[in-house]
**Q** 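The structure's right below; bear with me while I get my questions together.
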Amino acid sequence: MSRTPIIAGNWKMFKTAGEAVAFANEVKGKAEIDGVESVICAPFTALPALADALKGTTIKIGAQNLHFEDSGAFTGEISGVMLKDLGVHYVIIGHSERRQYFAETDEIVNKKVFAAFKHGLTPIICVGEKLEEREAGKTKDVCKVQTEGALKGLTPEQAAQAVIAYEPIWAIGTGKSSTAEDANEVIGYIRSVVAGLFGEEAAAKIRIQYGGSVKPNNVAEYLGQSEIDGALVGGASLEPASYIALVEGAK
Ligand code: PGA
C-alpha cells in the first residue's frame with residue numbers, strides 16, 4: 001500500500017499575516033511537487049491571508065489547534081466550524097506544547113479529533129515520550145496510551161484518514177533528533193497499535209510522520225524508512241528555501 005508522504009510545517013507562534021503571504025509567494029510552485037503533500041500549519045490570525053495567497057496551488061493549510069465545541073461561551077477559542085469556513089484542511093491536535101503548557105489530556109485530544117472529523121478537517125495527532133520516559137524504557141507504552149486515547153471511538157475509515165505525528169519531546173526544537181531507524185521502529189509500533197484497534201487495512205492506510213528537529217539535510221533519511229510517511233517540522237519550516245528543500249527531500 002503506498003501512502004503519499006506529507007510534509008507539514010508547524011509555524012507555532014511565528015509570523016504575522018503579512019509575513020505569511022510573503023512566504024506563500026516564495027514557495028508557490030516550488031513546494032508543489034507531484035507525489036508529496038505540502039501543508040502549512042499557521043497561527044489562526046494568518047490563516048485567512050494564507051488561504052487567499054495559496055488559492056489555486058496544491059499547498060494545503062492547517063491550524064494548530066481547535067476547540068471541541070462548535071460554538072459557545074469559550075472566550076479566546078476557535079472552533080472547527082470557523083476553520084472549515086476559512087478553507088483549512090488540517091489541524092494539529094495534542095502537540096506536546098499544548099499538552100505541557102495548556103494541560104491537554106488524552107480525553108481532550110480525543111474530543112478535538114472528533115470535532116475535526118465532524119467538520120471535515122483532517123487531524124494531525126501528536127504523540128511522543130518525554131526524555132525521562134525514554135530513559136525508563138517507556139517510549140512504546142506512552143505512545144500506545146496516547147494513540148489509543150486519541151483515536152478512541154473513531155470508525156476504521158476515520159482512523160485510516162487521520163495523520164499521526166510521532167514527536168519524541170526531547171527532540172523538539174533541541175537539534176537532537178531521533179535516529180531514523182529508531183523513529184521507524186516506534187512508528188511501526190504505533191502502526192501496530194492502530195492495527196489492533198481498527199484492523200490491518202486502516203493501519204496500512206494511516207499516515208504516520210516523524211517530528212523533532214527535522215531539517216533539509218536529514219528529511220530524506222527519515223522519509224526513506226519503510227514506516228515513516230512524512231514529517232512535522234517546526235523551526236526548519238519557517239524559511240521559504242528551507243521549506244521547499246524539505247518538500248523536495250520527501251520525494
Ligand atoms: P522542530 O519542531 O522541528 O522545531 O523540532 C517540531 C514540532 O514541534 O512539531
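Counting starts at 1 for both ligands and their atoms, following the listed order. Predicted, not measured: the structure shown is a model, and the values here were computed from it.
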**Q** If we check side chain to side chain donor-acceptor pair (under 3.5 Å) with Tyr90, which of these qualifies: Gln64, Glu37, Lys60?
**A** Glu37
**Q** Mind checking whether Ser96 contacts ligand 1 via backbone (N, CA, C, O), side chain (CB onward), both or neither, at a 4.0 Å heavy-atom cut-off?
**A** neither
**Q** Please identify which atoms of ligand 1 are closer than 4.0 Å to at least one heavy atom of Ser213.
**A** 1 (P), 3 (O), 5 (O)
**Q** Can you tell whether the side chains of Asp106 and Lys152 come within less than 4.0 Å, N to carboxylate O?
**A** no
**Q** For Gly173, counting its heavy atoms only, list the atoms of ligand 1 lying under 4.0 Å from any of them.
**A** 1 (P), 4 (O), 5 (O)
**Q** Any idea which atoms of ligand 1 are less than 4.0 Å away from a heavy-atom of Gly212?
**A** 5 (O)
**Q** Just which atoms of ligand 1 are under 4.0 Å from any heavy atom in His95?
**A** 7 (C), 8 (O), 9 (O)
**Q** Heavy atoms only: give me the nearest Phe14-Pro43 pair and the separation to one decimal.
**A** O-CG, 3.3 Å
**Q** Output yes when Glu129 and Lys140 qualify as a salt bridge under the 4.0 Å nitrogen-oxygen rule, no when they do not.
**A** no
**Q** Look at ligand 1 and say whether Ala171 reaches it with a heavy atom at a distance under 4.0 Å.
**A** yes
**Q** Is Val186 reachable from Val233 through a run of I, L, V, M, F, W or Y residues, each pair having side-chain heavy atoms under 4.5 Å apart?
**A** yes
**Q** For atom 7 (C) of ligand 1, find the nearest protein heavy atom and state the residue, atom name and distance (0.1 Å precision).
**A** Glu167 OE2, 3.2 Å
**Q** Of the protein's non-hydrogen atoms, which lies at the shortest distance from atom 4 (O) of ligand 1, and what is that distance?
**A** Gly235 N, 2.9 Å
**Q** Could you tell me the residue and atom name of the protein heavy atom closest to atom 3 (O) of ligand 1, and the distance to it rounded to 0.1 Å?
**A** Gly234 N, 2.8 Å
**Q** When you look at NZ of Lys28, are more than 12 heavy atoms from neighbouring residues, nucleotides or ligands closer to it than 6.0 Å?
**A** yes
**Q** Test of understanding: clusters of I, L, V, M, F, W, Y form through side-chain heavy atoms closer than 4.5 Å, transitively. Do Ile78 and Ile40 belong to the same one?
**A** yes
**Q** Assess the residue pair Val163 and Gln209 against the criterion (side chain to side chain contact (heavy atoms under 4.5 Å, CB included)); give the C-alpha distance rounded to whole Å, side-chain angles, the decisive distance to 0.1 Å, and a yes or no.
**A** CA-CA 7 Å; Val163 176; Gln209 303 171 300; 3.6 Å; yes
**Q** Examine ligand 1 and decide if any of its atoms is less than 4.0 Å from a heavy atom belonging to Lys215.
**A** no
**Q** Could you tell me, atom by atom, which parts of ligand 1 come under 4.0 Å of a heavy atom of Lys12?
**A** 2 (O), 7 (C), 8 (O)
**Q** Looking only at N/O atoms, are Val233 and ligand 1 under 3.5 Å apart anywhere?
**A** no
**Q** So is Gly211 touching ligand 1 or not, going by heavy atoms under 4.0 Å?
**A** no
**Q** Heavy-atom pairs closer than 4.0 Å: do any link ligand 1 to the side chain of Asn10, the backbone, both, or neither?
**A** side chain
**Q** Determine whether Lys205 and Asp229 satisfy the following criterion, salt bridge (Lys or Arg N to Asp or Glu O under 4.0 Å), listing intermediate values before the conclusion.
**A** CA-CA 10 Å; Lys205 282 187 181 157; Asp229 304 318; over 6 Å; no
**Q** If you measure every N or O of Ala236 against every N or O of ligand 1, does any of those distances drop under 3.5 Å?
**A** no
**Q** Walk me through it: do Phe198 and Leu151 pass the test side chain to side chain contact (heavy atoms under 4.5 Å, CB included)?
**A** CA-CA 10 Å; Phe198 301 104; Leu151 302 181; 3.7 Å; yes
